[in-house]
2 protein chains.
Amino acid sequence: MTHIDLESIEKMDSRYRANLFNTISGFKSANLIGTVNKSGNTNLAIFNSVVHIGANPPYLGFILRPTTVERHTYENLKETGYYTLNHVHESFIGKAHQTSAKYERNVSEFQACGFKEEYLNEFSAPFVKESKIKLGLQFEEEHLIKANDTILVVGKVIHAFLDEKLISADGSVDLSEAGTVTISGLYEYLRPVKLKKLEYAKP
Amino acid sequence: MTHIDLESIEKMDSRYRANLFNTISGFKSANLIGTVNKSGNTNLAIFNSVVHIGANPPYLGFILRPTTVERHTYENLKETGYYTLNHVHESFIGKAHQTSAKYERNVSEFQACGFKEEYLNEFSAPFVKESKIKLGLQFEEEHLIKANDTILVVGKVIHAFLDEKLISADGSVDLSEAGTVTISGLYEYLRPVKLKKLEYAKP
């Protein structure tokens with residue numbers, strides 16, 4: 001086994017280090033976050049950092065880095081208080097990845113990358129029509145991570161839209177059946193294949 | 001498409017709701033967090049909430065819920081300042097899942113679930129010998145999420161141990177080759193199969 005210590009990490013080429021630490025933490029979720037500002041300009045960006053915060057009430061979090069792409073999402077959701085989370089499926093990986101490009105503020109990634117905006121149940125933020133699992137969230141709180149100026153954004157799920165057939169009797173959603181993908185690092189997309197479903201563990 | 005609103009979420013059976021919202025956010029990473037307290041009692045627990053916070057310096061975060069299992073991890077890492085992150089591979093899913101059981105404070109999940117403690121480079125927290133990708137972290141900061149009293153723990157990666165063959169020329173780690181799994185919800189383990197590796201996206 002190779003040992004990589006902090007000194008050698010600091011000396012690494014920056015792209016090599018970015019790829020190493022974006023992959024080494026394990027597989028990630030793949031979601032498109034949809035927002036709109038008060039002037040009606042929509043934005044769509046792919047995020048691989050969505051985490052479960054709680055189920056009752058349902059809270060999800062995601063990490064925002066101080067990049068142009070992610071700042072548009074942040075500005076819009078702070079301005080309106082709402083955003084959508086839409087699963088990335090195998091059928092539109094290329095288009096979803098393209099939303100990570102640094103488009104100008106006045107360009108909507110919905111149009112630029114070929115997604116259809118969908119407005120459901122008078123929720124103000126745009127959903128992705130092509131996505132089979134979509135959530136409408138209300139901004140709840142944010143935490144500035146002092147170490148590197150990233151932000152944890154926490155939101156409450158107030159709407160969920162998905163095909164009922166994807167929900168098992170126990171409430172769990174069949175992500176494989178939906179064609180939802182996982183991400184390794186920043187560039188690799190994978191299809192998870194079921195291995196084992198276990199039960200609540202007891203000592 | 002079925003619409004689930006906040007009112008129907010609130011009325012759900014609590015297990016059904018927990019399964020729904022633990023799965024609906026997408027696929028998650030699978031890591032065993034190893035800790036030790038000052039008396040030398042070790043602890044090991046599975047976490048599905050590790051997220052990338054930054055690469056330079058390398059920071060990772062994870063979410064702690066106020067449960068018995070996770071509290072032991074939290075108490076130990078706050079006491080010593082150090083913890084390890086060890087990938088869960090296909091070959092030991094059952095044992096890794098078993099660490100989520102509520103063992104008493106004086107029971108080490110290393111012994112109870114059949115893992116070997118490994119101490120590397122004088123790092124105080126125990127690594128999992130069976131894991132092919134392991135990280136040594138130093139506690140950096142924590143954020144209390146007011147909405148539901150969960151905690152975001154942020155740590156700095158100061159050691160990485162893995163087979164050099166798993167690292168590609170661009171720095172990315174081949175998690176599929178390592179046999180690392182992904183998790184859906186709380187109980188389902190899956191093997192991600194590569195679909196596409198894309199490139200840095202430009203408008």
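Heavy-atom distances place the backbone of A:Glu199, and not its side chain, under 4.5 Å from chain B. Of the atoms belonging to A:Ala147, heavy atoms from both backbone and side chain fall under 4.5 Å from chain B. Contacts of B:Ser176 with chain A are made by both backbone and side-chain atoms, with heavy-atom separations under 4.5 Å. For a residue to count as touching a neighbouring chain, one of its non-hydrogen atoms must lie under 4.5 Å from one of that chain's; by this rule B:Val157 touches chain A with backbone and side chain alike. Using a 4.5 Å cut-off between heavy atoms, A:Ile9 contacts chain B through its side chain alone, with no backbone atom that close. When heavy atoms are compared at a cutoff of 4.5 Å, A:His87 approaches chain B solely by way of its side chain, counted from C-beta outward. At a 4.5 Å heavy-atom cutoff, B:Ala112 makes no contact with chain A through either its backbone or its side chain. Contacts between A:Asn121 and chain B at a heavy-atom distance below 4.5 Å involve the side chain alone, from C-beta outward. Contacts of A:Arg65 with chain B are made by side-chain atoms alone, with heavy-atom separations under 4.5 Å and no backbone atom involved. Only the side chain of A:Leu135 comes within contact range of chain B, with at least one heavy atom under 4.5 Å from a heavy atom of that chain. Looking at B:Ile53, the atoms closer than 4.5 Å to chain A (heavy atoms on both sides) sit in the backbone and in the side chain alike. Contacts between A:Ala169 and chain B at a heavy-atom distance below 4.5 Å involve the backbone alone (N, CA, C, O). Heavy-atom distances place no part of B:Asp13 under 4.5 Å from chain A, backbone and side chain included. Residue contact with chain A, scored on non-hydrogen atoms closer than 4.5 Å, involves the side chain of B:Ile167 exclusively. Contacts of B:Ser25 with chain A are made by both backbone and side-chain atoms, with heavy-atom separations under 4.5 Å. In this structure, chain A has a heavy atom under 4.5 Å from the side chain of B:Ile63, while its backbone stays farther away. In this structure, the portions of B:Tyr200 lying under 4.5 Å from any heavy atom of chain A include both its backbone and its side chain. Only the side chain of B:Tyr59 comes within contact range of chain A, judged by heavy atoms closer than 4.5 Å. For chain B, the nearby parts of A:Asn56 are the backbone and the side chain; heavy atoms of each come within less than 4.5 Å. Of the two parts of B:Lys28, the backbone and the side chain both hold a non-hydrogen atom closer than 4.5 Å to a non-hydrogen atom of chain A. Looking at B:Leu152, only its side chain comes within 4.5 Å of chain A, counting heavy atoms on both sides. Interface remark: B:Gln98 contributes backbone and side-chain atoms alike to the contact with chain A (heavy atom separation under 4.5 Å). Both the backbone and the side chain of A:Glu164 come within less than 4.5 Å of a heavy atom in chain B. Looking at B:Val193, both its backbone and its side chain come within 4.5 Å of chain A, counting heavy atoms on both sides. Both the backbone and the side chain of A:Thr182 come within contact range of chain B, judged by heavy atoms closer than 4.5 Å. If you measure heavy-atom distances from A:Val181 to chain B, the contacts under 4.5 Å come from both the backbone and the side chain.
Contact tally against chain A (heavy-atom pairs below 4.5 Å) for B:Ser29, B:Ala160, B:Ala55: the top residue is B:Ala160. Listed options B:Ile145, B:Leu120, B:Asp163 were ranked by heavy-atom pairs under 4.5 angstrom with chain A; first place goes to B:Ile145. Put simply, of B:Leu190, B:Leu20, B:Leu186, the one with the most heavy-atom pairs under 4.5 Å next to chain A is B:Leu190. Of the residues considered (B:Met12, B:His97, B:Lys202, B:Glu104), B:His97 shows the highest number of contacts with chain A, using heavy-atom pairs under 4.5 Å.
A salt bridge is absent between B:Lys146 and A:Glu140; no separation between the charged side-chain nitrogens and carboxylate oxygens falls under 4.0 Å. Between B:Lys134 and B:Glu118, at least one side-chain N (NZ, or NE/NH1/NH2) sits under 4.0 Å from a carboxylate O, which counts as a salt bridge. A salt bridge does not link A:Asp5 to A:Lys11: none of the charged side-chain nitrogens sits closer than 4.0 Å to a carboxylate oxygen. With respect to the salt-bridge test (charged N to carboxylate O, under 4.0 angstrom), the residues A:Glu142 and A:Lys78 qualify.
Ring to ring, B:Phe123 and B:Tyr83 are not that close: their centroids are 6.0 angstrom or more apart.
Here the options are A:Lys132, A:Lys165, A:Lys194, the test is salt bridge (charged side-chain N to carboxylate O under 4.0 Å, His left out), and the partner is A:Asp174; only A:Lys194 passes.
Side-chain contact between A:Leu32 and A:Val88: present, with at least one pair of heavy atoms (C-beta onward) separated by less than 4.5 Å. Using a 4.5 Å cut-off on side-chain heavy atoms (C-beta onward), B:His52 and A:Phe21 make contact. In this structure, the side chains of A:Leu137 and A:Leu60 come closer than 4.5 Å at one or more pairs of heavy atoms.
Taking all atoms of both residues into account, the shortest heavy-atom contact from B:Ala125 to B:Gly34 is CB-O, 4.0 Å.
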